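So the structure is just underneath, and the comments pick up after that.
Every value quoted in this text rests on a predicted model; they were computed, and no experiment measured them.
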Amino acid sequence: MGLAAPDLFCAVLLLPLLVFGVPTEESTSREAVTSSTPGYCRRCCDSEDALAAADDADVSSASPSALPYVLPEVRPYINITILKGDKGDRGQLGMPGKLGREGPRGERGLQGTKGTKGQAGSPGGPCQMRFSAFSVGRKTALHSSEGFQPLLFDTVFVNPDGHFDLAAGHFVAPLRGLYFFSLNVHSWNFKETYVHVVHNEEAAVILYAQPSDRSIMQSQSVMLALALGDRVWVRLFKRERENAVYSDDVDTYITFSGHLIKPEDD
């Protein structure tokens, strides 16, 4: 910064020369002829017209070689770089321009190295119960009465979670979902067989066989959507004619089975 002040002072002094130029002592042709003509005297009291006439006569009588040499005009040149100051501070960034067009998709890169094995996660909660099944049978025959008569069972084949209430003869749904049920009975000779598979208090399906001189096996199956706590059971229908199912103490002719197919929240 100490050297910048003298440079600036010199620039101020040289600026008028740059604008107006350097005055030259270029003489007119009349003065040159007058000063260069020997033996010519000029009085201060002579008029301008007499002087002009005398000058014209002298110039016309003079030879071309006697004319004076005119000095060329000298124009000074100043190197402007000496007036250059110090470099200024960096300006602020301008506003970002518009986004250009998206370029073509590049080639697929090389596959990276395999990472390290992560840490084991926290232990999960206990598994929810997603299973329900039962299968029961009856070894005793049953005859109809004046009203509806529940069909109770005395043999358990499968009831792992106790969802079938053997005393009441009802299956109780442990959760909401789809369930499958199957009923098998043996008809009685010359007697009608009329049995309902009941959902809560409403008959869902009917198993029916007409009276015949031969006893045969009859079956019925159904899929039901149950809510939590719904009940499914079997009852014998009342009829004007005698209604019955057959069984004995040796073999099991009557079976009732069911299982969960799909929980509703899956």
Side-chain angles (χ1 to χ4, degrees), residues 127-266:
C127 295
Q128 298 181 0
M129 182 177 58
R130 301 293 180 185
F131 175 80
S132 180
F134 75 93
S135 183
V136 293
R138 179 183 174 96
K139 291 181 176 293
T140 305
L142 182 65
H143 292 266
S144 63
S145 62
E146 296 297 328
F148 294 108
Q149 185 175 357
L151 185 60
L152 302 181
F153 300 90
D154 50 27
T155 303
V156 177
F157 298 109
V158 174
N159 191 24
D161 299 306
H163 297 157
F164 188 86
D165 185 352
L166 195 62
H170 294 173
F171 168 77
V172 182
L175 51 91
R176 182 185 297 270
L178 296 178
Y179 293 80
F180 177 81
F181 298 94
S182 176
L183 173 65
N184 295 279
V185 300
H186 195 285
S187 63
W188 206 316
N189 293 355
F190 304 106
K191 295 181 180 181
E192 193 172 36
T193 302
Y194 199 165
V195 183
H196 286 162
V197 177
V198 183
H199 178 195
N200 291 331
E201 299 300 329
E202 183 178 355
V205 292
I206 298 173
L207 186 153
Y208 178 77
Q210 293 179 346
S212 173
D213 57 352
R214 298 175 57 189
S215 60
I216 56 176
M217 294 293 299
Q218 298 287 337
S219 65
Q220 180 64 283
S221 59
V222 64
M223 185 183 298
L224 298 175
L226 303 182
L228 177 65
D230 280 1
R231 296 173 296 109
V232 180
W233 51 290
V234 182
R235 71 184 180 189
L236 201 64
F237 190 67
K238 60 181 180 178
R239 295 289 289 178
E240 296 178 356
R241 294 177 294 183
E242 188 176 6
N243 183 22
V245 291
Y246 174 81
S247 190
D248 57 33
D249 296 338
V250 179
D251 299 318
T252 303
Y253 291 94
I254 304 170
T255 60
F256 182 42
S257 304
H259 64 274
L260 172 66
I261 296 177
K262 181 181 181 297
E264 188 178 83
D265 56 351
D266 280 359

Could you tell me which non-hydrogen atom of [X] sits nearest to which non-hydrogen atom of [Y], and how far apart they are?
{"X": "Ser221", "Y": "Phe180", "value": "CB-CZ, 3.7 Å"}
{"X": "Ala244", "Y": "Thr193", "value": "O-OG1, 3.2 Å"}
{"X": "Leu236", "Y": "Val195", "value": "CD1-CG2, 3.6 Å"}
{"X": "Asp230", "Y": "His199", "value": "OD2-NE2, 3.1 Å"}
{"X": "Tyr253", "Y": "Met217", "value": "O-CE, 3.5 Å"}
{"X": "Met223", "Y": "Ile261", "value": "CE-CD1, 3.5 Å"}

Lys139-Thr252 side chain donor-acceptor pair, cut-off 3.5 Å = yes
Atom [atom1] in [X], atom [atom2] in [Y]: separation rounded to 0.5 Å?
{"X": "Arg235", "Y": "Glu201", "atom1": "CZ", "atom2": "CD", "result": "8.0 Å"}
{"X": "Leu166", "Y": "Leu152", "atom1": "CG", "atom2": "CG", "result": "8.0 Å"}
{"X": "Ser257", "Y": "Phe181", "atom1": "OG", "atom2": "CZ", "result": "10.5 Å"}
{"X": "Asn200", "Y": "Glu202", "atom1": "CG", "atom2": "CD", "result": "9.0 Å"}
{"X": "Lys191", "Y": "Tyr246", "atom1": "NZ", "atom2": "OH", "result": "11.0 Å"}
{"X": "Gln210", "Y": "Ile216", "atom1": "CD", "atom2": "CD1", "result": "9.5 Å"}

In this structure, which one of Trp233, Tyr194, Phe237 forms a ring pair (Phe, Tyr, Trp, His ring centres under 6.0 Å) with Phe148?
-> Phe237
Taking the six-membered ring for Trp, is the centroid-to-centroid distance between Phe171 and Phe164 below 6.0 Å?
-> no
4.5 Å side-chain heavy-atom contact, Tyr208 and Glu192 = yes
Side-chain contact test, heavy atoms from C-beta onward, threshold under 4.5 Å: evaluate it for Arg138 versus Ser247 and give yes or no.
-> no
Going through the distances and angles, do His163 and Val172 end up as a side-chain contact (heavy atoms from CB on, under 4.5 Å)?
-> CA-CA 6 Å; His163 297 157; Val172 182; 5.8 Å; no
Name the one of Leu142, Val245, Val234 that satisfies side-chain contact (heavy atoms from CB on, under 4.5 Å) with Val185?
-> Val245
The single option from Leu183, Val197, Asn184 passing side-chain contact (heavy atoms from CB on, under 4.5 Å) against Leu207 | Leu183
Check the pair Phe134 / Val156 against side-chain contact (heavy atoms from CB on, under 4.5 Å), numbers first and verdict last.
-> CA-CA 8 Å; Phe134 75 93; Val156 177; over 6 Å; no
